[in-house]
Amino acid sequence: MTTKKATHQLTKQHNRDLVLRTIFSHESISRAEVARVTHLTRTTVSDVVTGLLAEGLVEEIGRGESIGGKSPILLSIVADSRYLIGLNLAQDKFTGAIVNLRGEIKELVEIPVHDDNGENALHLVYQILDQLTRKKLKPIVGIGVGTPGLVNTREGVVINAVNLEWQDLPLSRLLKRKYKLPVLVVNDSQAAAIGEFVYGSDHAPDENLIVVNVIHGIGAGILINGRLFQGDGGGAGEIGHVVVQENGELCRCGQRGCLETVSSARAVVKKVKMSSLDEVFSSFNEGNSKTKAVVEKAGFYLGTSLSNLIGTLNIRKIVLTGDMTRFGVEWLNAVSAAMQTGAFSRMTEDTKLEIGKLNRACILGASAFLLLDNYSLLFNEDN
Ligand SMILES: [Zn+2]
């Protein structure tokens, strides 16, 4: 391809992605409004839209309100024209789903994980994907995986996932070879952050956002100017293994006193000597003072860690997700109080801390990340 032709191709693709992103972010929108938002000419927008209509990705859904002159035709994404697969490998069960272009979960498969690790855990992933790819929903255009641990997203390699005993596992390559689909692998908390950003409560496209996922383990996803920040080694937001207690309890990572050993769901269950978080939750609701104290302490240490994040990044919006959020406002208040006292008050006063309302943020985020990364996978051929 000549340079001139290549440049033309790139511009075309850039315009197409811009128009698609704009239509994606609206329930419905007219061509004129797309042109206004994207600063593209109306002719360019019309050309791109013609292509998207032909691909079946976008449809005309009637007329909008006229603002003088003819009322405009409204465009909308065809939610079920393509499907994505999202996986969450973070908990005591692996979950996979087929998700449409509006982030609606159409099929869900769950497999309990006992002491499965290494090769066994990988086979559970295959089992889920085998089941999902056999479903009638077609075409599936890609697989997004949210996995615990340190991940090199660019290479699609799980560098280290302690629980699963995965080290330098080329997950992306393995899945690509088996399922002949584009695959993206990302840390589960980072995936949850993208899920919250794309499908959660209103977030501006260029917003800064921290999403802290408190489950078995603890991790955060950091979005800067609307883009996931992964750090130099992919581990940005790995706050779970920052030491908060000198000579604290032994963590599964080998260190002592990590945030995970005091603030995670697993730590709380262990500290009150119960067998499940459900049991802890009942005891908490019955007003058991010991349980309450453990939950509040968990919140306290999490809040202290958040104040460090605020002191480092000065990001004003923090969303909490995961199992521990079920302890609601009492837990949130403990987190918030420690956060307020832990950092420069003018900074924490402006920080909005809230519990996320989105279900299955990790799965939704892992699948949405595929598209944010590359809209081309929605198209049959390279056009
Ligand atoms: Zn640790």
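Just so you know, these numbers use all the heavy atoms, side chains as well, and skip hydrogens, waters and symmetry mates. Not measured: the values here are computed from a predicted model. Start at 1 and go down the list; that is how both ligands and their atoms are numbered.
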Can you list, pair by pair, the side-chain donor-acceptor contacts under 3.5 Å of residues 160-176, counting residues two or more places apart and other chains?
residue : atom : partner : partner atom : Å
Asn163  : OD1  : Arg252  : NH1          : 3.1
Glu165  : OE2  : Asn117  : ND2          : 3.4
Trp166  : NE1  : Gly118  : O            : 3.0

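- If you check the side chains of Tyr301 and Gln245, you find a donor sitting under 3.5 Å from an acceptor.
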Side-chain donor-acceptor distances from residues 227-236 under 3.5 Å, at least two apart:
residue : atom : partner : partner atom : Å
Gln230  : NE2  : Thr153  : OG1          : 2.9
Gln230  : NE2  : Gln190  : OE1          : 2.9

Using a 3.5 Å cut-off and no angle test, enumerate the donor-acceptor pairs between side-chain atoms of residues 177-186 and protein atoms at least two apart in sequence or in another chain.
residue : atom : partner : partner atom : Å
Tyr179  : OH   : Tyr126  : O            : 3.0
Tyr179  : OH   : Asp130  : OD1          : 2.7
Lys180  : NZ   : Arg177  : O            : 2.6

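- Near the Zn ion (ligand 1), less than 2.8 Å away, sit the protein N, O or S atoms His241 ND1, Cys251 SG, Cys253 SG, Cys258 SG.
- With Tyr83 as the aromatic partner, Lys106 does not meet the cation-pi criteria of under 6.0 angstrom to the ring centre and within 45 degrees of the ring axis.
- Relative to the ring axis of Phe284, Arg326 does not place its NZ or CZ within 45° and under 6.0 Å from the centre.
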